[in-house]
Amino acid sequence: MVIENLGIKTNKFYLPPFTLKEGEMILIKLTNNSLLSEVENSLKNLLSGEKSNPKIKIFKKLSVVENIIETFFQYHFHPLTVGNYIKKKANYESTFPQNIYEIDWITRTTKVRMLPGNPKKLLSIYTTLSKTNNIIFDMFGQDQQGRKETFNIVKMNVEKGGCAILIDCFEGFENECTKCVDVEY
């Protein structure tokens, strides 16, 4: 077992009980409303163990796939490149991050800020998977094709013994995940 959630109730939402085991992917389904970002961040903090809650037992740590954001200062004075991002964030022994270069126009010197949503999310997914096979991720900012590609990459990782929690508000992956948990507001 990786996570046992006994049910979390806050003043904004209720996350019903579930368990996550190795080889499983759980979809936590949100409603697309004004609380979306706040609830998503709360769930990521709770399920990764960043914020403790007696109703969640974490037996193995899950890493959150970050949304890559550059500050104004970074972008204008020292822009982050794909190569630098991989160097800072990835496990050197893994070949996962090198998969980003399969996209023809991306090189080590490509500025991260110039990446559209799909390649930017893939870069973050690859670097996270280079360090762990237990992740929490979302697919916000991606189009339908990118969402399918990201999902399939994570699904292959889960089939190799990893586990994942997908936090999403769109239709399409309910039947492909091991479990689907609807957040109640």
Side-chain angles (χ1 to χ4, degrees), residues 1-71 85 88-91 94 96 117 120-142 146-147 150-185:
M1 182 157 339
V2 178
I3 289 182
E4 181 180 22
N5 167 35
L6 303 174
I8 301 169
K9 187 173 188 173
T10 71
N11 58 349
K12 305 249 185 218
F13 66 90
Y14 171 67
L15 179 64
F18 68 84
T19 58
L20 174 66
K21 298 175 185 164
E22 290 177 352
E24 292 184 337
M25 185 180 330
I26 293 179
L27 169 61
I28 296 181
K29 191 80 187 266
L30 303 179
T31 302
N32 192 1
N33 61 26
S34 62
L35 295 174
L36 178 67
S37 181
E38 182 181 347
V39 172
E40 176 195 5
N41 289 331
S42 292
L43 289 172
K44 285 179 179 179
N45 288 333
L46 289 166
L47 297 171
S48 68
E50 293 296 317
K51 186 177 176 187
S52 63
N53 187 306
K55 298 280 188 170
I56 296 180
K57 296 177 185 172
I58 299 174
F59 302 100
K60 284 189 178 179
K61 184 168 174 44
L62 279 86
S63 294
V64 176
V65 175
E66 70 176 18
N67 293 318
I68 305 170
I69 299 170
E70 262 186 297
T71 66
Y85 183 81
K88 288 178 184 178
K89 300 286 185 174
N91 175 0
S94 175
F96 250 122
K120 190 180 278 190
K121 182 60 77 176
L122 288 177
L123 176 61
S124 189
I125 289 276
Y126 288 143
T127 55
T128 305
L129 287 174
S130 75
K131 296 181 285 187
T132 182
N133 60 355
N134 302 324
I135 65 170
I136 300 169
F137 73 110
D138 65 53
M139 294 190 286
F140 298 114
Q142 292 190 274
R147 291 169 49 77
T150 298
F151 185 84
N152 288 333
I153 290 166
V154 175
K155 186 176 180 181
M156 285 189 318
N157 179 67
V158 167
E159 290 170 353
K160 293 178 183 175
C163 64
I165 296 176
L166 168 59
I167 300 175
D168 202 18
C169 67
F170 299 105
E171 302 292 322
F173 297 111
E174 296 84 358
N175 295 328
E176 295 187 55
C177 291
T178 312
K179 300 171 189 169
C180 182
V181 179
D182 289 316
V183 172
E184 300 169 16
Y185 291 84

Nearest heavy-atom pair of [X] and [Y]: which atoms, and what distance?
{"X": "Ile68", "Y": "Lys120", "answer": "CD1-O, 3.7 Å"}
{"X": "Glu171", "Y": "Arg147", "answer": "O-NH2, 4.0 Å"}
{"X": "Thr178", "Y": "Glu24", "answer": "OG1-CA, 3.4 Å"}
{"X": "Ile58", "Y": "Ser48", "answer": "CD1-C, 4.0 Å"}
{"X": "Val183", "Y": "Leu15", "answer": "CG2-CD1, 3.9 Å"}
{"X": "Pro16", "Y": "Glu184", "answer": "CG-OE2, 4.2 Å"}

Does either side chain, that of Thr19 or that of Lys179, offer a donor lying less than 3.5 Å from an acceptor on the other one?
yes
More than 12 non-hydrogen atoms from neighbouring residues, nucleotides or ligands closer than 6.0 Å to CG on Asn33, yes or no?
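Count over threshold, so yes.
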Heavy-atom check, side chain of [X] versus side chain of [Y], under 4.5 Å:
{"X": "Leu30", "Y": "Ile167", "value": "yes"}
{"X": "Leu35", "Y": "Phe13", "value": "no"}
{"X": "Lys29", "Y": "Val181", "value": "no"}
{"X": "Thr31", "Y": "Val39", "value": "no"}
{"X": "Glu66", "Y": "Lys89", "value": "yes"}
{"X": "Val154", "Y": "Leu166", "value": "no"}

Show your working on side chain to side chain contact (heavy atoms under 4.5 Å, CB included) between Phe96 and Thr127 and close with a plain yes or no.
CA-CA 7 Å; Phe96 250 122; Thr127 55; over 6 Å; no
Once rounded to the nearest 0.5 Å, what's the spacing between atom [atom1] of [X] and atom [atom2] of [Y]?
{"X": "Ile56", "Y": "Asn5", "atom1": "CD1", "atom2": "CG", "value": "5.0 Å"}
{"X": "Lys21", "Y": "Glu4", "atom1": "NZ", "atom2": "CD", "value": "10.0 Å"}
{"X": "Tyr14", "Y": "Lys9", "atom1": "OH", "atom2": "NZ", "value": "8.0 Å"}
{"X": "Tyr126", "Y": "Thr150", "atom1": "OH", "atom2": "OG1", "value": "8.0 Å"}
{"X": "Lys131", "Y": "Ser63", "atom1": "NZ", "atom2": "OG", "value": "6.5 Å"}

Under the ring pair (Phe, Tyr, Trp, His ring centres under 6.0 Å) rule, collect the residues that match up with Phe18, sequence neighbours excluded.
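Here no residue qualifies.
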Among all residues two or more places apart in sequence or in another chain, which pass the ring pair (Phe, Tyr, Trp, His ring centres under 6.0 Å) test with Phe151?
Phe173
Under the criterion side chain to side chain contact (heavy atoms under 4.5 Å, CB included), I'd like the reasoning laid out for Val2 against Leu62: C-alpha separation, chi angles, the key distance, then a yes or no.
CA-CA 8 Å; Val2 178; Leu62 279 86; 3.4 Å; yes
Compile the donor-acceptor pairs under 3.5 Å between side chains in residues 133-140 and protein atoms, sequence neighbours left out, one pair per line.
from: Asn134; atom 1: OD1; to: Cys163; atom 2: N; distance (Å): 3.3
from: Asp138; atom 1: OD1; to: Lys121; atom 2: NZ; distance (Å): 2.8
from: Asp138; atom 1: OD1; to: Phe140; atom 2: N; distance (Å): 3.3
from: Asp138; atom 1: OD2; to: Lys44; atom 2: NZ; distance (Å): 2.5

Is a side-chain N or O of Asn91 found less than 3.5 angstrom from the main chain of Ser130, in a donor-acceptor match?
yes
Quick one, Ile3 with Ile165, criterion side chain to side chain contact (heavy atoms under 4.5 Å, CB included). Give me CA distance, side-chain angles, the key distance, then yes/no.
CA-CA 10 Å; Ile3 289 182; Ile165 296 176; 4.1 Å; yes
Tell me, with the steps shown, if Cys169 and Leu36 meet side chain to side chain contact (heavy atoms under 4.5 Å, CB included).
CA-CA 8 Å; Cys169 67; Leu36 178 67; 4.0 Å; yes
